[in-house]
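Notes follow the structure.
Along the sequence shown, residues carry numbers from 1. Only heavy atoms go into these numbers, but all of them, side chains included; no hydrogens, no water, no symmetry mates.
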Amino acid sequence: MAAKRSAILLAAVALVALLPAALCQKAAPAPEAAAPAAPNVTAVLEKGGQYTKFMRLMKSTQQDTQLNAQANGSDTGFTVFAPTDNAFDSLKAGTLNSLTQQEQVSLVQAHILPTFYSMESFETASNPVRTQASGADGPYTVNVTATSNSNVNVSTGLVSTVLGTALRATRPLAVYSIDKVLLPYDLFGPKPPASSPPAPGKRPSATKGGVAAPAGSEDEEAPPAGAAAAVGAGWSLAAVVAATAACLL
């Protein structure tokens, strides 16, 4: 019995001795929360499942990698209008093939806004809204209008459509589905008529420094040589007749 009490006492002493050491041990740090994944427009479109043609166009113009690099760490963010495959199928045959490589770049950039827009923030957008594309006359723009039934219309002046599903709406990248390709007015709008050439056979009047050349200048056409000779002969004959008449008188 005494031995049993001794064993219990020894166990209690050992427990008391170990207790301070256990209390002094620091608790293991909690695992840090995983950092949000860097924005990747290609991954967003792949997950959407019906944007293969827009993805292909972005890849061929290298706008996918450029956008991903710019969006990563951007303060203002970006907004992408992503046309569906059906939107590209509804284009007139040869529309894309008629564009140069640079024009295809501009077409993709015309679907990208250099600002993050949530669906609600479109209500306060100031039109026209600038896109990533630009040309000789300045940046390509779109008009964005929020309607009373909570829809958002986007228009280039040639094409108008309604924003569909938000494929991603987290800063710094928003991606919205659209059912039409946004054809920029600068690329697909009517071209001014070419100036008409001068009528054949009509010689434009000669000018010097923007002022008509004076008579007798080197640009004025000289009379034919035969006509000048005839005029000279006529004056000589008249002189002879006059002299003969004077003698008779």
Side-chain angles (χ1 to χ4, degrees), residues 34-89 91 95-97 99-122 125-144 152-159 161-188:
N40 188 312
V41 66
T42 304
V44 174
L45 295 175
E46 284 180 344
K47 186 176 180 180
Q50 53 178 336
Y51 306 93
T52 56
K53 296 184 178 180
F54 187 52
M55 290 168 54
R56 189 182 308 133
L57 186 59
M58 292 193 76
K59 184 175 182 179
S60 66
T61 57
Q62 299 182 354
Q63 294 306 296
D64 52 351
T65 55
Q66 180 173 318
L67 177 60
N68 291 336
Q70 291 176 331
N72 189 16
S74 170
D75 294 330
T76 58
F78 292 87
T79 300
V80 178
F81 300 132
T84 62
D85 290 338
N86 288 337
F88 280 96
D89 291 339
L91 290 175
T95 298
L96 296 183
N97 292 335
L99 301 177
T100 65
Q101 179 70 12
Q102 181 55 48
E103 288 172 339
Q104 290 184 10
V105 170
S106 297
L107 177 60
V108 174
Q109 291 179 337
H111 290 75
I112 304 173
L113 309 182
T115 304
F116 174 87
Y117 283 96
S118 65
M119 192 67 78
E120 293 76 17
S121 61
F122 279 122
S126 178
N127 288 312
V129 178
R130 184 170 65 90
T131 72
Q132 285 284 83
S134 62
D137 297 328
Y140 295 3
T141 60
V142 294
N143 286 329
V144 179
V152 176
N153 292 336
V154 57
S155 172
T156 67
L158 292 176
V159 176
T161 188
V162 177
L163 295 191
T165 305
L167 304 178
R168 176 189 164 108
T170 305
R171 281 185 177 276
L173 180 65
V175 183
Y176 298 98
S177 176
I178 54 176
D179 59 5
K180 292 183 181 179
V181 178
L182 299 177
L183 302 178
Y185 193 91
D186 302 69
L187 288 181
F188 296 93

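By the 4.5 Å heavy-atom criterion applied to side chains, L163 and I178 are counted as neighbours. Contact check for V144 versus Y117: no side-chain heavy atoms found under the 4.5 Å cut-off. Side-chain contact between F88 and L96 is present, with at least one heavy-atom pair separated by less than 4.5 Å. With contacts defined as side-chain heavy-atom distances shorter than 4.5 Å, the pair T61/Q101 qualifies. Side-chain atoms of T95 and F188, non-hydrogen and from C-beta on, do get closer than 4.5 Å to each other. Contact annotation: the side chain of V80 approaches that of L173 to within less than 4.5 Å [non-hydrogen atoms, C-beta and beyond].
G77 and S74 make their closest contact through N-OG, 2.9 Å (heavy atoms, listed as atom of the first residue, atom of the second, distance). Between M119 and Y176 the shortest heavy-atom distance is N-OH, 3.2 Å. Summarising the geometry of N127 relative to V142, their closest heavy-atom pair is OD1-O, 3.9 Å, with the distance given to 0.1 Å.
With values rounded to the nearest 0.5 angstrom, Q132 atom CD is found 7.5 Å from Q66 atom CD. Here N40 contributes atom CG and T65 contributes atom OG1; the two are 10.5 Å apart, rounded to the nearest 0.5 Å. The CG atom of D64 sits 10.0 Å away from atom CZ of F54, with the distance rounded to the nearest 0.5 Å. A distance of 10.0 Å separates OG1 in T79 from CD1 in I112, rounded to the nearest 0.5 Å. One finds the OG1 atom of T100 at 11.0 Å from the CG atom of L107 (value rounded to the nearest 0.5 Å). Within the model, atoms CD of Q109 and CE of M58 stand 9.5 Å from one another, a figure rounded to the nearest 0.5 Å.
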Hey, mind stepping through L57 and Q104 against side chain to side chain contact (heavy atoms under 4.5 Å, CB included) and telling me if it holds? CA-CA 8 Å; L57 186 59; Q104 290 184 10; 3.9 Å; yes

May I have the step-by-step check of side chain to side chain contact (heavy atoms under 4.5 Å, CB included) for V41 and R168, ending in yes or no? CA-CA 9 Å; V41 66; R168 176 189 164 108; over 6 Å; no

Side chain to side chain contact (heavy atoms under 4.5 Å, CB included) between Y51 and S177: does it pass, once the steps are laid out? CA-CA 9 Å; Y51 306 93; S177 176; 2.9 Å; yes

I would like to know whether Y140 and T156 meet side chain to side chain donor-acceptor pair (under 3.5 Å); could you show each step before the answer? CA-CA 9 Å; Y140 295 3; T156 67; over 6 Å; no

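More than 12 heavy atoms of other residues, nucleotides or ligands shown are found within 6.0 angstrom of CD on Q50. Heavy-atom contacts from other residues, nucleotides or ligands closer than 6.0 Å to CG of D89 number more than 12. Atom CG of D137 is surrounded by 12 or fewer heavy atoms from other residues, nucleotides or ligands within 6.0 Å.
There is no side-chain donor-acceptor pair under 3.5 Å between T84 and D179.
For N72 (side chain) and A38 (main-chain N/O), no donor-acceptor pair under 3.5 Å exists by modelled atom type.
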